[in-house]
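These numbers were taken from a predicted model, which means no experiment stands behind them. In this chain, residues are counted from 1 in sequence order.
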Amino acid sequence: RLAEVPWWKVIEGFVLTSGTVSVDVEQLSALARELETLEPNELLRTMFLPPYEDITPRFVSFFRDYYAALLWIESGDVERAERIMEGMRAQDDFAGMGTVKRDGERILEAEILMRAGEREGALEVLRSVDYEVPHAVTVTPLPDQSRSRLLRSRLEMEAGNLDVARSWLVGLDESWSPWDAIYRGEVYQMLGRIAEEQGRSQEAIIQYSRLLELWSEADPDLVPLRDEIEARRNALVRDQG
């Protein structure tokens, strides 16, 4: 069964920390504990696609630890996450992987700042992330860092940097990456909001309409938000005459 495949456990870590599914603390911590027991060679053996030559057991170990740490942060056990992060920082860079190691470490630091309510500090850290990685390694979700790019978009928007936020959101929308696709609903919502605030009503209508099409059969907990967006879209259409 898929749930028993070691590699799936890491992908499950990506899903449970994405912010797109409902989870509880016990679910997060249980998976974090399980990830910490997984052997890198078993993860490599069970990857869904043949691994790129630079995806080594040491990199897979870092990849596993990244999601274990993020799960602990999300569950509220920052101290345990920081212990994992110490081991991650102690490693050398990965050959052929660009900035993926440094990026991952900085993003976890930003996540801890977010957890502490230090949003300005988190944004400062996220602005130091380079995302310079080879295309071939993006068969795994860690290098794409979809969650952190969406988080930076939110924080730039909060800071009033609408054009910067928009550029990150457009990147998430136009990406080929399956890791980015799970955020498309929120991307359309935020792009619509930015367009509204900047007085580009027609673009806002287009973005909201994309969200409504995407969520035409939304889960019940999303229906109130979908209805709110539909009302905003319809008001803009009426104003356009």
Open item on the list: Contact between T140 and W7 at the side-chain level, heavy atoms closer than 4.5 Å - yes or no?
Closed with: yes
Open item on the list: Suppose clustering is done on Ile, Leu, Val, Met, Phe, Trp and Tyr with side-chain heavy atoms closer than 4.5 Å. Which residues sit in the same group as L113?
Closed with: V125
Open item on the list: Nearest 0.5 angstrom please: S209 OG to E230 CD, how far?
Closed with: 9.0 Å
TODO: For the pair I205 and Q202, evaluate side-chain contact (heavy atoms from CB on, under 4.5 Å) and give the outcome as yes or no after the intermediate values.
DONE: CA-CA 5 Å; I205 290 168; Q202 191 56 45; 4.2 Å; yes
- [ ] Please report the shortest heavy-atom distance between Y208 and G192, naming the atom on each side.
- [x] OH-C, 3.4 Å
Task: Gap separating the CG atom of D180 from the CZ atom of R147, nearest 0.5 angstrom - done: 14.5 Å
Task: Sidechain-backbone polar pair: D219 side chain, D221 backbone, donor-acceptor under 3.5 Å - done: no
- [ ] Report the C-alpha separation of E111 and T17 in whole Å, then their side-chain angles, then the decisive distance to 0.1 Å, and conclude whether the side-chain contact (heavy atoms from CB on, under 4.5 Å) test is met.
- [x] CA-CA 11 Å; E111 293 282 359; T17 60; over 6 Å; no
Task: Heavy-atom pair of closest approach, residues S201 and Q240 - done: CB-NE2, 3.3 Å
Open item on the list: Quick check: do F48 and I11 have side-chain heavy atoms less than 4.5 Å from each other?
Closed with: yes
TODO: Please say which of L211, L169, L214 ends up in a side chain to side chain contact (heavy atoms under 4.5 Å, CB included) with V187.
DONE: L169
TODO: Supply the atom-to-atom distance E118 CD to E120 CD, rounded to the nearest 0.5 angstrom.
DONE: 10.0 Å
Open item on the list: I'd like to know if E42 pairs up with K9 as an ion pair, taking the criterion as any Lys NZ or Arg NE/NH1/NH2 lying under 4.0 Å from an Asp or Glu carboxylate oxygen.
Closed with: no
TODO: Look only at the side chain of S175 and the backbone of L172, and say whether a donor-acceptor pair between them is shorter than 3.5 Å.
DONE: no
Task: pair I229-W215: side-chain heavy atoms closer than 4.5 Å - done: no
Task: Side-chain H-bond candidate by donor/acceptor type, Y66 with Q145, under 3.5 Å - done: yes
Could you pull out every donor-acceptor pair under 3.5 Å between side chains of residues 100-108 and any protein atom, sequence neighbours left out?
from: K101; atom 1: NZ; to: M88; atom 2: O; distance (Å): 3.2
from: K101; atom 1: NZ; to: Q91; atom 2: O; distance (Å): 3.0
from: K101; atom 1: NZ; to: E105; atom 2: OE2; distance (Å): 2.5
from: R102; atom 1: NH2; to: D130; atom 2: OD2; distance (Å): 2.8
from: D103; atom 1: OD1; to: T99; atom 2: OG1; distance (Å): 3.4
from: D103; atom 1: OD1; to: D130; atom 2: N; distance (Å): 3.2
from: D103; atom 1: OD2; to: T99; atom 2: OG1; distance (Å): 2.7
from: D103; atom 1: OD2; to: Y131; atom 2: N; distance (Å): 2.8
from: R106; atom 1: NH1; to: S128; atom 2: O; distance (Å): 2.5

- [ ] I would like to know whether R184 and R210 meet side-chain contact (heavy atoms from CB on, under 4.5 Å); could you show each step before the answer?
- [x] CA-CA 9 Å; R184 198 146 281 151; R210 287 174 175 165; over 6 Å; no
TODO: Find out if a path of hydrophobic residues (ILVMFWY) with successive side-chain heavy-atom gaps under 4.5 Å connects V21 to V223.
DONE: no
Task: Approximate separation, where rounding is to 0.5 Å, of N41 CG and T46 OG1 - done: 10.5 Å
- [ ] Answer whether the closest heavy-atom distance between the side chains of E74 and V23 falls below 4.5 Å.
- [x] no
- [ ] Give a yes or no on whether a salt bridge exists between E156 and R166, defined as a side-chain N under 4.0 angstrom from a carboxylate O.
- [x] no
- [ ] Using a 4.5 Å cut-off on heavy atoms from C-beta on, say whether the side chain of W179 contacts that of S18.
- [x] no
Task: Taking every non-hydrogen atom, the tightest pair across P134 and G96 - done: CG-O, 3.1 Å
Open item on the list: Would you say that more than 12 heavy atoms from the other residues, nucleotides or ligands in this model lie under 6.0 Å from the CD of E39, or not?
Closed with: no
Enumerate donor-acceptor pairs with a distance under 3.5 Å from any side-chain N or O in residues 75-84 to protein atoms, sequence neighbours excluded.
from: S75; atom 1: OG; to: L71; atom 2: O; distance (Å): 3.4
from: S75; atom 1: OG; to: W72; atom 2: O; distance (Å): 2.9
from: D77; atom 1: OD1; to: R80; atom 2: N; distance (Å): 3.1

TODO: Could you check M114 against L155 for side-chain contact (heavy atoms from CB on, under 4.5 Å), going step by step and ending with a plain yes or no?
DONE: CA-CA 10 Å; M114 284 293 293; L155 293 174; 4.0 Å; yes
Open item on the list: I need the minimum non-hydrogen distance between A110 and A122, along with the two atoms involved.
Closed with: O-CB, 3.6 Å
Task: Whether Y183 side chain and D173 backbone form a donor-acceptor pair below 3.5 Å - done: no
Open item on the list: Is there a side-chain contact between E203 and Q198 in this structure, where contact means two heavy atoms from C-beta onward sitting under 4.5 Å apart?
Closed with: no
Open item on the list: Can you confirm whether R33 sits close enough to T37 that some side-chain heavy atom of one is under 4.5 Å from a side-chain heavy atom of the other?
Closed with: no
Task: CG-CG distance between L151 and L123, expressed to the nearest 0.5 angstrom - done: 8.5 Å
Task: Cluster check V170, I206: I/L/V/M/F/W/Y, side chain < 4.5 angstrom - done: no
Task: Ion pair E86/R89, N-O distance below 4.0 Å - done: no
Open item on the list: Test your reading of the model: is there a side-chain donor-acceptor pair from R226 to the backbone of S216, 3.5 Å cut-off?
Closed with: yes
- [ ] Evaluate the ring planes of F62 and F59, with Trp represented by its six-membered ring, and classify them as parallel (under 30°), tilted (30 to 60°) or perpendicular (over 60°).
- [x] parallel
TODO: May I ask you to test the Q27-L31 pair for a side-chain heavy-atom distance under 4.5 Å?
DONE: no
Open item on the list: Distance alone, cut at 3.5 Å: any donor-acceptor contact between the side chains of S61 and R58?
Closed with: no
- [ ] Mark yes when over 12 heavy atoms from residues, nucleotides or ligands other than E197 sit less than 6.0 Å from its CD; otherwise mark no.
- [x] yes
Task: Shortest non-hydrogen contact from L35 toward A68 - done: CD1-N, 3.7 Å
- [ ] Drop me the distance from Y67's OH to L70's CG, to the nearest 0.5 angstrom.
- [x] 7.5 Å
Task: Taking every non-hydrogen atom, the tightest pair across P57 and P40 - done: O-CB, 3.3 Å
